[in-house]
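Structure first, then comments.
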Amino acid sequence: MKTLLILIITLTTGILLFGCAPRTKQNDFEGFITSHVEKIKPLAKEQSLAWWDAATTGKSEDYERASKTTLRIRQIYSNPEEFALLKDFKESGQARDTLSARELDVLYRRYLGNQIEPEMLKTIVDLSTEIEEKFSTFRGNIRGEKVTDNTIKEILKSQTDSEERKLAWLASKQVGAAVAEDIIRLVKLRNQVAKNLGFENYHTMSLTISEQDVDELDKIFTELYELTNAPFAALKADLDKKLAANCDIEVSQLMPWHYHDPFFQETPMVYELDLDVFYEDKDIKELSASFFAGIGLNVESVLAKSDLYEREGKNPHAFCTDIDREGDVRILCNIKSNESWMETTLHELGHAVYDKFHDRDVPYLLREPAHAFTTEAIAMFFGRLSRNPAWMQQMLDLSDEQRWEIEKVSGRYMQLKQLIFARWAMVMYNFEKELYANPDQDLNSLWWKMVEEYQLVKRSEGRDAPDWAAKIHFTVAPSYYHNYMLGELLASQLHNHLVHKVLKLESDKNVSYVDQKKVGDFLRQNVFEVGNVYHWNEMIERATGEPLIAKYFVRQFVN
Ligand SMILES: [Zn+2]
């Protein structure tokens with residue numbers, strides 16, 4: 001990283017000394033950055049602390065303080081004069097190929113995403129809050145009786161009567177009909193914002209703001225589609241036999257409600273695998289601390305500031321937050337001694353080491369992960385270890401026999417889990433792209449066309465309902481879902497590179513990463529330290545020798 005900075009400083013100086021354009025713009029921009037960072041740095045810290053307090057106490061005054069600071073930050077980034085200034089800097093093209101060009105780019109996109117007329121913003125926020133509220137209060141019904149989401153899930157997991165399953169599945173889709181029109185309205189409003197800013201539609205605008213583009217994503221998703229077609233069909237054929245047998249029907253009679261969740265995005269639990277028994281008497285925090293220390297990424301300082309166990313009023317989920325970009329990184333968990341919390345704790349600490357080990361010499365604005373999905377990838381990379389038989393054997397002192405027991409099912413389970421998710425992510429990505437491109441088309445039928453093509457799940461005959469609208473992500477996290485998939489792909493690409501190029505092994509069969517300092521060193525030097533100095537794909541190419549591709553994911557999970 002140090003050499004990189006020297007190189008960049010040389011480049012900057014070179015341009016300042018020998019560039020033929022007047023240097024005033026560059027000076028102006030540097031002045032702008034300095035005063036911007038002075039303004040934003042304390043506010044961002046205040047915001048992170050307020051959200052942290054809110055999540056750990058559940059007090060409404062903390063939530064209020066948090067949303068007030070968030071609003072103040074938003075006001076800074078929505079300033080149209082400053083945006084115009086940045087645009088002007090950008091168009092002058094003087095800072096090209098330097099670190100400040102990168103800062104300008106990052107800043108420009110952040111302002112761009114906030115250039116919405118206040119009135120329009122209010123309309124959009126109000127409408128999406130309204131839809132969200134409908135989602136949280138709506139209850140589907142079975143034979144006129146209201147049921148909760150948990151009841152529906154329970155039925156889809158265990159019921160063997162097809163008619164009962166069908167009623168539960170239909171109940172899960174009723175919310176779609178209740179919100180579909182509002183979602184289409186929301187999509188059109190978002191598109192209007194995008195068009196005002198010169199974009200084709202909201203989807204393409206969102207991608208641009210997050211430094212992605214449709215062609216690039218299409219290429220990755222097409223590759224993934226082609227590489228998983230045959231293996232997915234084979235795995236699913238096997239799964240279908242089991243699902244049909246459970247309900248005492250023929251495979252040809254399988255319908256969408258025979259899968260174990262409303263969208264067939266999760267792995268049906270038909271292959272027995274209970275890993276909790278191996279974790280029930282273990283200290284998850286200690287295991288995590290000692291694993292990360294063993295690969296040279298000490299997390300003691302993170303754990304010391306974290307909030308790890310359940311408490312009244314506390315946020316029941318898990319997340320990681322970088323409070324100040326100066327080393328105060330914390331995770332929030334609700335640890336219990338089971339496999340799922342082992343995975344989650346490793347996952348959150350994965351985010352944490354990424355943040356903790358940014359090089360502090362990198363300018364403040366670039367001291368962040370290269371992309372939301374790259375930090376997700378690191379988190380997934382570590383989270384996957386909780387089911388890795390070699391890792392479990394070493395960390396939990398298991399016998400060869402116990403390890404073999406785990407191996408028998410976990411490999412197959414991981415394969416299914418990953419392939420099912422990949423095919424589902426294709427539906428989400430492709431549908432969302434079409435939704436924003438033309439919200440007036442026949443979306444109900446488009447959805448089922450994609451489900452049939454990607455997930456190989458048959459549409460119920462004659463069904464014409466907005467089943468797509470039952471997925472809350474279109475409302476609350478628009479144009480984001482594909483990043484979960486990109487995260488999985490990068491986790492596998494890094495895994496492949498570490499196994500073959502860094503550890504120089506023939507295969508990943510016995511790889512646990514336990515006590516492999518080289519692994520920590522590699523990630524720190526090539527991914528964490530550089531932060532957001534490069535476009536995410538350039539960072540990936542510098543680290544692994546190739547831009548992001550799907551084949552390593554397929555190689556890891558298909559055999
Ligand atoms: Zn995460």
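Read the numbers this way: they start at 1 and go in the same order the structure lists the ligands and their atoms. Just so we're clear, the structure is a prediction, and the values are computed from it rather than from any experiment.
Ring planes of Tyr111 and Tyr77: perpendicular class, angle over 60° (limits at 30 and 60°). Taking the six-membered ring where the residue is Trp, Tyr429 and His203 present tilted rings, their angle falling between 30° and 60°. Aromatic ring orientation, Phe264 versus Phe232: tilted (interplanar angle from 30° to 60°).
Around the Zn ion (ligand 1), protein N, O or S atoms at less than 2.8 Å comprise His347 NE2, His351 NE2, Glu376 OE2.
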- For Arg325 and Glu368, what are the C-alpha separation, side-chain angles and deciding distance, and is it a salt bridge (Lys or Arg N to Asp or Glu O under 4.0 Å)? CA-CA 8 Å; Arg325 302 191 180 192; Glu368 59 180 6; 3.0 Å; yes
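Side chain to side chain, Thr69 and Glu46 fail the donor-acceptor criterion of an N or O pair below 3.5 Å.
His497 is linked by a side-chain hydrogen bond (donor to acceptor under 3.5 Å, both in side chains) to nothing, counting only residues two or more places apart in sequence or in another chain.
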